[in-house]
Amino acid sequence: MQRRWYLTTLALVAACSESAPSPTGPALALPDQAEHIFWARGRGPSAPLGLMTWHGGGVMVASKTYAIYWGSDWNTAAFAGDKITGLTTFFQGWGGSGYAGLLTEYGGQNGQITAGSTYLGSVIDPSAAPAGPPDALSVIAEVEKLVPVPDPAALYVVYGTTPRGTSTACAWHTAWSYKRHPVQVAWVFNLDGDPGCDPHDSFTAHSQGLAALANVTAHELAETITDPRFLGWFASVGVGEVGDKCAFVFAVASVTFANASIWHLQGEWSNTAYNAGTGSPNGVGEAGCVYAAAGGGGGATPSVAVGDNFYNPTPDTLAAGTAVTFTWIGSAPHDVIWDTGPGTLPANSALMFSGVYGATLNQAGTYTYHCSIHGSAGAGMHGAIEVR
């Protein structure tokens with residue numbers, strides 16, 4: 001989604017005013033100020049094929065984060081639940097994690113990305129959150145109200161109590177400036193009970209709302225680190241950033257952060273893994289999604305995408321004793337029914353709309369499988385794995 005924002009400079013501002021109701025500083029001369037959107041399931045354009053490329057700008061070498069909770073409901077235990085404490089743990093554990101480390105293959109004119117990250121804290125603003133989807137300038141004004149001088153190396157994540165409603169976005173991030181200070185901002189809707197943005201986390205003890213917020217936060221933070229001012233890394237403006245190419249791809253059950261917290265997160269795109277063929281497949285079958293830096297387990301578990309009426313890749317080749325993960329990426333129900341193979345076959349998967357299923361193939365030989373609804377042995381939706 002590409003929308004260009006223009007800001008009218010106010011000629012007269014009270015000299016004693018330190019916080020304006022909307023951004024008042026002149027914008028940086030950037031090529032485009034659109035919201036870079038994390039689309040809900042089944043919405044928005046497909047991510048472009050191929051590698052991400054560098055567009056000559058900077059990156060966040062060592063990121064910083066600050067959380068703003070907008071709306072009075074954040075002060076109520078019934079709404080807040082485990083979300084604020086959980087997101088605090090998320091941000092505190094991001095820095096130094098293998099998941100943050102996966103971004104270190106990218107660099108910019110200001111240096112190479114590191115896994116370092118500093119959590120700057122959070123604040124609850126009990127004023128009324130937007131009744132519907134806010135525009136970018138409204139969210140930037142909210143940040144300016146609470147943070148008069150933003151840190152140029154930080155992402156300010158605004159979590160609203162506003163439900164997504166008919167919006168096609170789960171979240172978005174953008175970049176602007178106020179009072180001559182550059183700022184990076186993300187907006188995240190209230191995703192409680194929202195099926196379009198639900199990561200289907202049955203692997204941790206987090207509430208559904210926290211799991212959804214954590215997943216979209218990982219997406220937006222990774223994209224801001226690699227493309228903070230929209231001159232960094234992407235395949236196509238607005239839809240091809242590091243998170244877009246692996247949106248809702250969950251090839252591993254959980255990711256462990258540096259503080260030992262556990263999260264169910266989508267993969268992020270790796271050019272290196274894609275070139276080596278070691279990543280997990282994304283929604284269009286490109287094997288470039290990883291969950292940790294090379295050597296840290298990201299993309300190390302072979303993965304087969306379970307799409308609508310296809311498995312990808314098939315045939316596949318694995319070493320004996322390897323665990324393979326099947327990741328549901330379509331919208332229809334599918335399963336994995338084993339047909340043939342050496343020795344005792346693995347247990348079949350359940351019939352699922354989403355999620356992951358794993359099997360360990362211990363003996364050399366050819367294993368075949370199919371979907372009980374859309375295929376049969378050797379026909380329709382079926383696949384094979386050669387174990388050596």
Visitor: Can the ring centroids of W269 and Y274 be said to lie less than 6.0 angstrom from one another?
Guide: yes
Visitor: Are side-chain heavy atoms of L213 and L87 found at a separation under 4.5 Å?
Guide: yes
Visitor: What distance do S236 atom OG and M52 atom CE have between them, rounded to the nearest 0.5 Å?
Guide: 12.5 Å
Visitor: Judged by atom type as modelled, is there a donor-acceptor pair below 3.5 Å linking the side chain of S97 to the main-chain atoms of W94?
Guide: yes
Visitor: Are L137 and V147 connected, step by step, through hydrophobic side chains (Ile, Leu, Val, Met, Phe, Trp, Tyr) whose heavy atoms are closer than 4.5 Å?
Guide: yes
Visitor: Under a 4.0 Å N-O cut-off, is there an ion pair linking R41 with D198?
Guide: no
Visitor: With no hydrogens and no angle check, do the side chains of T217 and Y159 hold a donor and an acceptor under 3.5 Å apart?
Guide: yes
Visitor: Once rounded to the nearest 0.5 Å, what's the spacing between atom OG1 of T340 and atom CG of L345?
Guide: 7.0 Å
Visitor: For K245 and G50, indicate whether the former's side chain and the latter's backbone hold a donor-acceptor pair under 3.5 Å.
Guide: yes
Visitor: State, yes or no, whether a side-chain contact exists between Y119 and Q92 at a heavy-atom distance under 4.5 Å.
Guide: yes
Visitor: Any side-chain donor paired with an acceptor under 3.5 Å for W74 and T76?
Guide: no
Visitor: Look at the side chain of E223 and the backbone N and O of D244, then say whether any donor-acceptor pair between them is shorter than 3.5 Å.
Guide: yes
Visitor: Without swapping roles, check the side chain of W328 against the backbone of H334 for a donor-acceptor pair under 3.5 Å.
Guide: yes
Visitor: Determine whether the aromatic ring centres of F189 and W187 lie less than 6.0 Å apart.
Guide: yes
Visitor: Is the side chain of N271 donor-acceptor paired with the backbone N or O of L51 at a distance under 3.5 Å, no angle test?
Guide: no
Visitor: Counting distance only, does the side-chain N/O of Q112 pair as donor-acceptor with the main-chain N or O of Y106 below 3.5 Å?
Guide: yes
Visitor: How long is the straight-line distance from CE of M60 back to CG of N110, given to the nearest 0.5 Å?
Guide: 10.0 Å
Visitor: For the residue pair S261 and T256, establish whether any side-chain heavy-atom pair is separated by less than 4.5 Å.
Guide: no
Visitor: In the structure I gave you, are the side-chain heavy atoms of F79 and D192 within less than 4.5 Å of one another anywhere?
Guide: yes
Visitor: Do we see a donor-acceptor contact under 3.5 Å between the side chains of S72 and N75?
Guide: no
Visitor: Please report the interatomic distance CD1(I68) to OG(S122), rounded to the nearest 0.5 Å.
Guide: 9.5 Å
Visitor: My understanding is that only residues two or more places apart in sequence, or in another chain, count here; which of them pass side chain to side chain contact (heavy atoms under 4.5 Å, CB included) with Q109?
Guide: W54
Visitor: Spell out, as yes or no, whether a donor-acceptor pair under 3.5 Å connects the side chain of N282 to the backbone of E286.
Guide: yes
Visitor: Give a yes or no on whether the backbone of V188 and the side-chain of R164 come within a donor-acceptor separation of less than 3.5 Å.
Guide: no
Visitor: Is it the case that the side chains of E105 and S270 hold a donor-acceptor pair, with the cut-off being a distance below 3.5 Å and no angle test?
Guide: yes
Visitor: Is it the case that Q184 and H173 place a side-chain donor and acceptor less than 3.5 Å from each other?
Guide: no
Visitor: Taking atom types as modelled, find out whether S207 and D82 have a side-chain donor-acceptor pair closer than 3.5 angstrom.
Guide: yes
Visitor: Set out, in order, the CA-CA distance, both residues' side-chain angles and the distance that settles side chain to side chain donor-acceptor pair (under 3.5 Å) for T53 and H55, then state yes or no.
Guide: CA-CA 6 Å; T53 57; H55 295 262; 3.2 Å; yes
Visitor: Taking all heavy atoms of N309 and all of M381, pick out the closest pair and write down the distance.
Guide: CA-SD, 3.4 Å
Visitor: Are V157 and E220 close enough that some pair of their side-chain heavy atoms sits under 4.5 Å apart?
Guide: no
Visitor: Among Y99, F250, F90, whose ring-ring contact (aromatic ring centres under 6.0 Å, His included) with H264 holds?
Guide: F250
Visitor: Taking the six-membered ring for Trp, is the centroid-to-centroid distance between F38 and F248 below 6.0 Å?
Guide: yes
Visitor: Answer yes if the side chains of T89 and N259 hold a donor-acceptor pair under 3.5 Å, and no otherwise.
Guide: no
Visitor: Does any donor atom in the side chain of E268 or Y291 lie under 3.5 Å from an acceptor atom in the other side chain?
Guide: no
Visitor: Sub-3.5 Å donor-acceptor pair from the side chain of D335 to the main-chain atoms of L351, do we have one?
Guide: no
Visitor: Would you please indicate yes or no on a ring centroid separation below 6.0 angstrom for Y369 and H382?
Guide: no
Visitor: Under a 3.5 Å cutoff, is there a donor and acceptor pairing between the side chains of N275 and T272?
Guide: no
Visitor: Quick one: does L210's side chain get under 4.5 Å of W263's, heavy atoms only?
Guide: yes
Visitor: Could you give all pairs that pass the salt bridge (Lys or Arg N to Asp or Glu O under 4.0 Å) test and reach residues 56-71, with sequence neighbours left out?
Guide: K64-D151
Visitor: Hydrophobic clustering (ILVMFWY, side-chain heavy atoms < 4.5 Å, transitive) - are L120 and I140 grouped together?
Guide: yes
Visitor: With heavy-atom distances below 4.5 Å as the criterion, would you say the side chains of Y357 and P346 are in contact?
Guide: yes
Visitor: Using every non-hydrogen atom in the two residues, find where A100 and A115 come nearest and quote the distance to one decimal.
Guide: CB-O, 4.0 Å
Visitor: Is a donor on one side and an acceptor on the other found under 3.5 Å between the side chain of N215 and the backbone of A218?
Guide: no
Visitor: At what distance, to the nearest 0.5 angstrom, does CZ of R229 lie from OG1 of T224?
Guide: 10.5 Å
Visitor: CD1 of I37 to OG1 of T168: how many Å apart, nearest 0.5 Å?
Guide: 5.5 Å
Visitor: What is the minimum heavy-atom distance between A211 and H206, and which atoms define it?
Guide: N-CB, 4.3 Å
Visitor: Got P126 and W70 here, is their nearest side-chain heavy-atom distance under 4.5 Å?
Guide: no
